[in-house]
Number of protein chains: 2
Amino acid sequence: MTQLQRRKIPDAAIARLPVYLQILNNLAAANVLRFSSDELAALAGVNAAKVRKDLSYLGSYGTRGVGYEVTYLTHQIKRELGLMREWNVVVVGAGNLGCALAKFDGFLSRGFPVIAIVDNDPKKIGRTTSSLTVGDVKDLKSIVRDEKISIGVITTSAASSQAAADALVEAGITSILNFAPVVLSTPSSVSVRSVDLGVELQILSYFEQMRLETGGKSENAPQLNSAGAR
Amino acid sequence: MTQLQRRKIPDAAIARLPVYLQILNNLAAANVLRFSSDELAALAGVNAAKVRKDLSYLGSYGTRGVGYEVTYLTHQIKRELGLMREWNVVVVGAGNLGCALAKFDGFLSRGFPVIAIVDNDPKKIGRTTSSLTVGDVKDLKSIVRDEKISIGVITTSAASSQAAADALVEAGITSILNFAPVVLSTPSSVSVRSVDLGVELQILSYFEQMRLETGGKSENAPQLNSAGAR
DNA sequence: AGGGCTTAGTGCATTAATTCACTAAGTCAA
DNA sequence: TTGACTTAGTGAATTAATGCACTAAGCCCT
């Protein structure tokens with residue numbers, strides 16, 4: 001393999017790496033030094049061969065007969081995912097969800113500090129929520145530039161979400177996490193991941209319905225989301 | 001095909017049906033009566049053949065040369081997903097995210113009213129948030145029974161999430177939406193979907209990193225999450 | 001030093017998902 | 001009524017993902 005080019009990791013594997021990483025953090029906290037693919041597989045709820053294959057995309061970082069080192073592999077996964085640094089985040093939409101996410105510990109603790117929050121509603125602009133003052137979406141461009149923001153999170157209403165996306169793109173953002181139940185249209189150079197909480201419940205509804213109809217005999221497919229961004 | 005048995009719809013297709021449904025709602029709101037697979041494909045950002053195949057799993061509800069009827073197909077998708085009725089929801093964990101979700105319009109409007117919210121922290125129990133009083137997680141069983149709750153949403157800390165899941169299962173819940181960054185262990189008869197917001201950002205981070213390394217030349221795979229629940 | 005044991009890495013078969021490209025079935029205009 | 005046109009439905013090819021089962025390496029005990 002030519003050295004320079006980055007390995008092409010399958011989307012499905014990319015989506016699992018953060019899960020492995022989370023588990024490695026827990027192992028480290030429990031002072032575990034080493035683990036085998038079997039152990040990680042059990043903790044992640046997947047097949048051991050899949051763990052080995054996923055990790056092999058990073059390189060050959062295990063030791064046969066022994067396993068993988070927690071700290072070393074943690075480092076490698078973080079490197080691959082681009083987590084050796086922090087990525088600043090701006091939240092667009094200062095409603096319930098937006099404010100909750102701005103305070104949300106799970107962003108900061110994983111290296112994604114929410115640096116700014118903006119809205120287009122004059123009634124919300126200027127309010128303060130957890131040490132952040134709601135800015136004007138019109139100022140997005142300068143905020144993104146001045147605060148070196150890399151990722152935009154859209155928590156507006158469905159109706160405003162496309163405008164929010166347009167504003168983010170215009171401001172130079174190339175990674176968007178969208179919570180509005182809308183398929184955004186953006187240039188192909190921008191990565192978009194959409195989390196539609198309604199969709200999640202509707203999928204559960206399908207299986208619940210199934211269970212009622214079949215009297216609970218239905219088997220459950222494994223839950224796995226693929227990576228990839230549009 | 002024997003009539004009684006429910007069609008087996010691929011996970012990937014199940015995950016797309018709610019997206020189509022959302023778009024159909026928008027079309028209906030715009031007084032559109034009919035649409036072709038090409039049109040829906042464009043709106044959903046997918047391939048037209050995929051749309052036709054996905055819809056064909058529901059039955060043969062289109063008309064060749066014409067397309068599909070918005071209201072009729074809406075009905076069929078809702079029937080298939082089990083959305084002809086409401087499913088009551090309980091939120092476990094009355095922190096920022098839990099309270100925001102309890103108020104969140106996107107749940108109620110899609111047929112998933114949040115009927116109760118519980119916590120294990122005495123300081124939070126008894127507080128009121130948007131017409132709901134925080135209950136005690138110890139009372140989960142009776143709450144689930146009395147309020148006919150079908151779905152549990154976990155918004156606790158990572159540390160408490162497994163206990164929350166156990167409590168939900170113990171209370172008879174068979175569908176769980178988990179926001180804690182933990183791989184829950186539950187009986188196989190329970191459907192679990194996990195939404196880890198940190199993971200979503202970490203996936204974006206990967207592509208952002210990639211873009212930096214390759215000078216923006218990287219192509220983007222389409223974002224698609226499969227259904228399925230564990 | 002050697003043999004048995006453990007476990008990573010991987011080629012290959014299998015399964016799932018996607019997409020192509022064709023066929024069937026309808027509309028509409030003349 | 002016929003022929004041109006549109007579009008759903010689907011068999012089959014392709015691509016992606018998974019998981020088995022084997023091989024290669026390293027450790028440890030005697």
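Using a 4.0 Å cut-off between a side-chain N of Lys or Arg and a carboxylate O of Asp or Glu, B:Asp38 and B:Arg52 do not qualify as a salt bridge. Between B:Arg110 and B:Asp105 there is no salt bridge, since none of the side-chain N atoms of the basic residue sits less than 4.0 Å from a carboxylate O of the acidic one.
For A:Thr63, counting side-chain heavy atoms from C-beta on, the closest listed nucleotide (D:dT10, D:dG26, C:dT19) is D:dG26. Ranking D:dT7, D:dT10, C:dA8 by closeness to the B:Arg64 side chain, first place goes to D:dT7. Out of D:dC27, C:dA8, D:dT18, the shortest distance to the side chain of A:Val66 is found at D:dC27. Taking only side-chain atoms of A:Tyr68, from C-beta outward, the nucleotide of C:dG9, C:dC20, D:dG9 with the closest atom is C:dG9.
Scanning atom types as modelled, no donor and acceptor separated by under 3.5 angstrom connect the side chain of B:Lys53 and the base of D:dT10.
Checking A:Phe35 against B:Asp54, the closest nucleotide of DNA chain C that is more toward the 5' end is the one next to A:Phe35.
Listed for the B:Ser191 side chain is no donor-acceptor partner under 3.5 Å among the backbone atoms of B:Ser175.
Phosphate proximity of C:dA17 to B:Tyr57: absent, as no side-chain N or O sits under 4.0 Å from OP1 or OP2. Note on B:Arg52: every side-chain N or O is 4.0 Å or more away from OP1 and OP2 of C:dA21.
Using a 4.0 Å heavy-atom distance criterion, A:Gly65 is classed as a base contact.
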